[in-house]
Amino acid sequence: AKEHGKNKYHLYSRSIQASIDRRLALEVQLRKALQNEEFLLHFQPKVDIGSGRVVGAEALIRWQHPEHGMVSPALFIPVAEETGLILEIDKWVIRAACREVERRRTLGIACGSIAINLSARQFSRSTLCADMAEMVKRYRLQPGDIEIEITESTVMGNPAKAAEILQGLRALGFTLAIDDFGTGYSNLASLKNFPIHTLKIDKSFVQDPAMVRAIIQLAISYRLKTVAEGVEDQETVAMLATMGCDIIQGFVYSKPLPLDQFIDFAHRFPPG
Ligand code: C2E
Ligand code: CA
Ligand code: CA
Ligand code: CA
């Protein structure tokens, strides 16, 4: 029995070691990726239910790994968050999105606002607002050019601090959205303490009419816009339209697209 227990312990520690090794390897690779500019943004169209037009896009990071090809953010963002590398990655995303807004303005291409995702770590950093103010200046951003998506759990981690930072970002002209709304444990009434514009209904319950109705009602009473994400079929679009949802983001219209394809899409949509 003793022998058995020893083996078990051995196996256990070996598998932990293996997972630490994998993690370290990934961390090293992520650092390299930042240096070698292996990241890029894809853009998923957001469509206004009322007008049927593209009103903007969510920028989603992609990692073009030299050997492994395209790596999903679902795989590397959690590791980046644990190691703190997410701060560098977010910085890259912010720059890339702002540069794109400026480029379009110069070329006279209109295709709405770009939404970026900011991780929870940004909200424990005192210079976030100052850094964003610098971006506004450098890229001559106009109010509404950039929408910032933060998850419900980010704001609920430290509600007072989050409210203060969000005030600062709003004053700079950024549009603010709560991402993955409904997945957290938030006291819905506390929403009124956050100076936000939009609720994004998480794709995990876009299929659940009672839940969707409740969130949209809440949004209406707080005068917030709603974006439903992960919408994959026309039936769901119709249901959401009836309930008063404002904007749809999902495979029913388009997957996240490389930049040029997104601009093409925005100008051809609605088709006909
Ligand atoms: P998220 O912010 O909730 O992004 C929405 C995810 O849903 C995207 O996955 C998108 O491709 C996917 N999606 C959109 N419509 C549909 C649909 O109709 N059906 C299905 N099945 N999926 C749909 P993606 O691009 O793999 O990103 C996963 C997560 O990684 C994001 O979830 C976000 O938490 C994180 N992430 C992505 N890009 C960034 C970034 O630039 N910075 C940070 N900090 N996190 C990011
Ligand atoms: Ca998001
Ligand atoms: Ca989301
Ligand atoms: Ca999510």
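Note: hydrogens, waters and symmetry copies are ignored here, and every other heavy atom, side chains too, is used. One-based numbering, in listed order, for ligands and for the atoms of each.
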Heavy-atom distances under 4.0 Å decide this one: backbone, side chain, both or neither, for [X] against ligand 1?
X	result
D179	side chain
E58	side chain
K203	side chain
V231	backbone
D90	side chain

What do you reckon, does [X] have a nitrogen or oxygen under 3.5 Å from a nitrogen or oxygen of ligand 1?
X	value
Q249	no
I61	yes
A74	no
E149	no

Looking only at the aromatic ring of each residue, does the gap between the centers of F194 and Y222 stay below 6.0 angstrom? no

The Ca ion (ligand 3) to D179: any N/O/S contact under 3.0 Å? yes

May I ask you to check if any N/O/S atom from D180 comes under 3.0 Å of the Ca ion (ligand 3)? yes

R62: heavy atom below 4.0 Å from ligand 1, yes or no? yes

